[in-house]
Asks: 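Structure provided below as structure tokens; questions to follow.
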Protein chains: 2
Amino acid sequence: MPPQITPFFGMESQTLYTSYGNVIFMQEITGLELSPKKVEYLKFLFKKGELVRTTDISSQLGVDPSTSTKTLGDLAESGYVDHIPYRGVRLTDVGARYAEFLINRHNILSLMLTHYGLSSEDACEEASRFESFVSRSAVDRICSSMGHPTVGVCGKIGHVSCDIS
Amino acid sequence: MPPQITPFFGMESQTLYTSYGNVIFMQEITGLELSPKKVEYLKFLFKKGELVRTTDISSQLGVDPSTSTKTLGDLAESGYVDHIPYRGVRLTDVGARYAEFLINRHNILSLMLTHYGLSSEDACEEASRFESFVSRSAVDRICSSMGHPTVGVCGKIGHVSCDIS
DNA sequence: AAATTGTTTGGATAGATACCAAATATAAGA
DNA sequence: TCTTATATTTGGTATCTATCCAAACAATTT
């Protein structure tokens, strides 16, 4: 088994540090590191806060508990969550920070869509479908171009994760 | 082997008719019927026009020829292209119409992004990443909200495929 | 302690995408 | 035409994501 990769954030919130054994890598987060479903997991976990049970997640995301166990295992391996078997999962610091970005991204993109006549519901649904493929830099630019709105149609928008302020 | 599904367009271009044996289904096209890579294939084929060789496609899309042969097989099975073995592929009528929608979608989305300060190149790249997950109805609304622009940053925008005119 | 409920593991499947090596077809050169 | 070169396809395999089911296992409740 290779040394565990453990991502963590640096002072600048758009940078992610990763340790591999005793070597440290610094990398920009692109916003494209997680698959659509994993993005859903992280957003859900953040909204719940605290220790979340497998069944909570599986029922909320409409999948079998065994599916969520597996996915949570992946997220744990990547350092986004801590998994206490038979107890539940909790976001790590990195996971929570990353989830904040994910939620902001969702909120910014859905807000953007309402500017083109989509209803809040449609905008939200639409954004959920494609958001995982929108880069952080694009989101930053959209956000800044909209004047860093603090309220979206799907919730509040924070700006800790923004490049440009 | 089940009877071949053959999609074709009706008079209203946002509707797709599908025959299965002697039964005919009418279905709205959602814009979500093709995977990202298949969208690339169709857009490329449309831009080339005429019979396109497997190697053209594979070199352009940066994949092994065997990969493009397989993907083209899928597209042929779904009725978007005609494949003449060892000769090349050509879009069917349905494929060409669908590809027009795909190209419009790309152009509308990338144009939209430039309104938020993204460069043409970035907008194009960004749109390419997420466009497959944006529904036709959303594109229609964005298009109409932008006043049905005829020129985008990635090429001309037609409106045959638009719901609202 | 036994039964119920919640969780995990193992196995299997499916779709998307990809490559390689081998077989086959077409085209070009001699 | 025969041979060689090039293009294409086939078959096999792989990875990643996502899923489910059944069985094993842990925790909780009665």
Side-chain angles (χ1 to χ4, degrees), chain A residues 1-2 5 30-45 48 50-90 98 102 128-134, chain B residues 1-2 5 30-45 48 50-90 98 102 128-134:
Chain A
M1 205 191 297
I5 292 175
T30 63
L32 307 175
E33 24 283 292
L34 290 183
S35 69
K37 209 67 194 185
K38 286 182 181 134
V39 167
E40 267 193 74
Y41 279 71
L42 249 59
K43 290 193 297 178
F44 178 72
L45 289 173
K48 289 289 277 189
E50 273 317 297
L51 196 67
V52 182
R53 316 225 61 171
T54 296
T55 315
D56 257 21
I57 301 169
S58 69
S59 68
Q60 208 63 34
L61 304 196
V63 297
D64 192 275
S66 65
T67 302
S68 55
T69 298
K70 279 204 173 74
T71 306
L72 259 7
D74 288 353
L75 289 170
E77 211 179 324
S78 311
Y80 295 101
V81 304
D82 284 327
H83 185 202
I84 304 128
Y86 294 100
R87 276 290 138 86
V89 279
R90 189 193 306 279
Y98 198 79
L102 297 180
S128 300
R129 207 167 334 92
F130 72 78
E131 62 190 25
S132 317
F133 306 97
V134 181
Chain B
M1 204 191 299
I5 292 175
T30 63
L32 308 174
E33 23 283 293
L34 290 182
S35 68
K37 209 67 194 185
K38 285 182 183 137
V39 166
E40 267 195 73
Y41 278 71
L42 248 60
K43 289 194 298 178
F44 178 73
L45 290 173
K48 290 289 277 190
E50 273 318 296
L51 195 68
V52 182
R53 315 226 58 171
T54 295
T55 314
D56 257 21
I57 301 170
S58 68
S59 67
Q60 208 63 33
L61 304 197
V63 297
D64 192 276
S66 64
T67 302
S68 56
T69 299
K70 281 206 172 74
T71 305
L72 258 6
D74 288 353
L75 288 171
E77 211 180 322
S78 312
Y80 295 101
V81 304
D82 283 327
H83 185 204
I84 303 127
Y86 294 100
R87 277 288 137 87
V89 279
R90 189 193 306 278
Y98 198 79
L102 297 179
S128 301
R129 208 166 337 91
F130 71 77
E131 61 190 24
S132 317
F133 306 97
V134 181

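If you're wondering where the values come from, they're calculated on a predicted model, not measured in any experiment. Here is how names work: the chains are called A, B, and so on, in the same order as the sequence lines, proteins then strands, and each is numbered from 1.
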Asks: Can you tell which of D/dC20, C/dA18, C/dT8 lies closest to the side chain of A/Tyr86?
Replies: C/dT8
Asks: With a 4.0 Å cut-off on N to O distance, would you call B/Glu40 and B/Lys37 a salt bridge?
Replies: yes
Asks: Looking only at atom types and distance, does a side-chain atom of A/Glu77 sit under 3.5 Å from a main-chain N or O of A/Leu75, one as donor and one as acceptor?
Replies: no
Asks: What is the separation between atom CG on B/Asp64 and atom C1' on D/dT10, rounded to the nearest whole Å?
Replies: 12 Å
Asks: How many whole angstroms separate atom CG of B/Asp74 from atom P of C/dT17?
Replies: 9 Å
Asks: Look at all strands and tell whether B/Thr67 reaches a base, only sugar-phosphate, or nothing, counting heavy atoms closer than 4.0 Å.
Replies: base
Asks: Taking for each residue the nucleotide of DNA chain D with the nearest heavy atom, is it B/Ile84 or A/Lys38 whose nucleotide lies nearer the 5' end?
Replies: B/Ile84
Asks: So what does A/Ser35 hit on the nucleic acid, given a heavy-atom distance under 4.0 Å: a base, only sugar-phosphate, or nothing?
Replies: sugar-phosphate
Asks: Sub-3.5 Å donor-acceptor pair from the side chain of B/Arg90 to the main-chain atoms of B/Asp82, do we have one?
Replies: no
Asks: Think A/Lys70 has a side-chain N or O under 4.0 angstrom from the OP1 or OP2 of C/dG10?
Replies: no
Asks: Side chain of A/Arg53: nearest nucleotide among C/dT8, D/dC20, C/dG6?
Replies: C/dG6
Asks: Between A/Ser128 and A/Glu131, does any side-chain donor sit less than 3.5 Å from a side-chain acceptor?
Replies: no
Asks: For the side chain of B/Pro36, counting heavy atoms from C-beta on, which of C/dT8, D/dT9, C/dT17 is nearest?
Replies: C/dT17
Asks: On DNA chain C, compare the nucleotides closest to A/Arg87 and B/Ser66; which residue's is nearer the 5' end?
Replies: A/Arg87
Asks: Measure from the side-chain heavy atoms of A/Val63 and tell me the nearest of C/dA18, D/dC20, C/dT8.
Replies: D/dC20
Asks: Could you state the CD-C1' distance from A/Gln60 to C/dG6, rounded to the nearest angstrom?
Replies: 17 Å
Asks: Between C/dT9 atom P and A/Leu72 atom CG, what is the distance in whole Å?
Replies: 11 Å
Asks: Using a cut-off of 4.0 Å on non-hydrogen atoms, how would the nucleic acid contact of B/Thr54 be classed: base, sugar-phosphate, or nothing?
Replies: sugar-phosphate
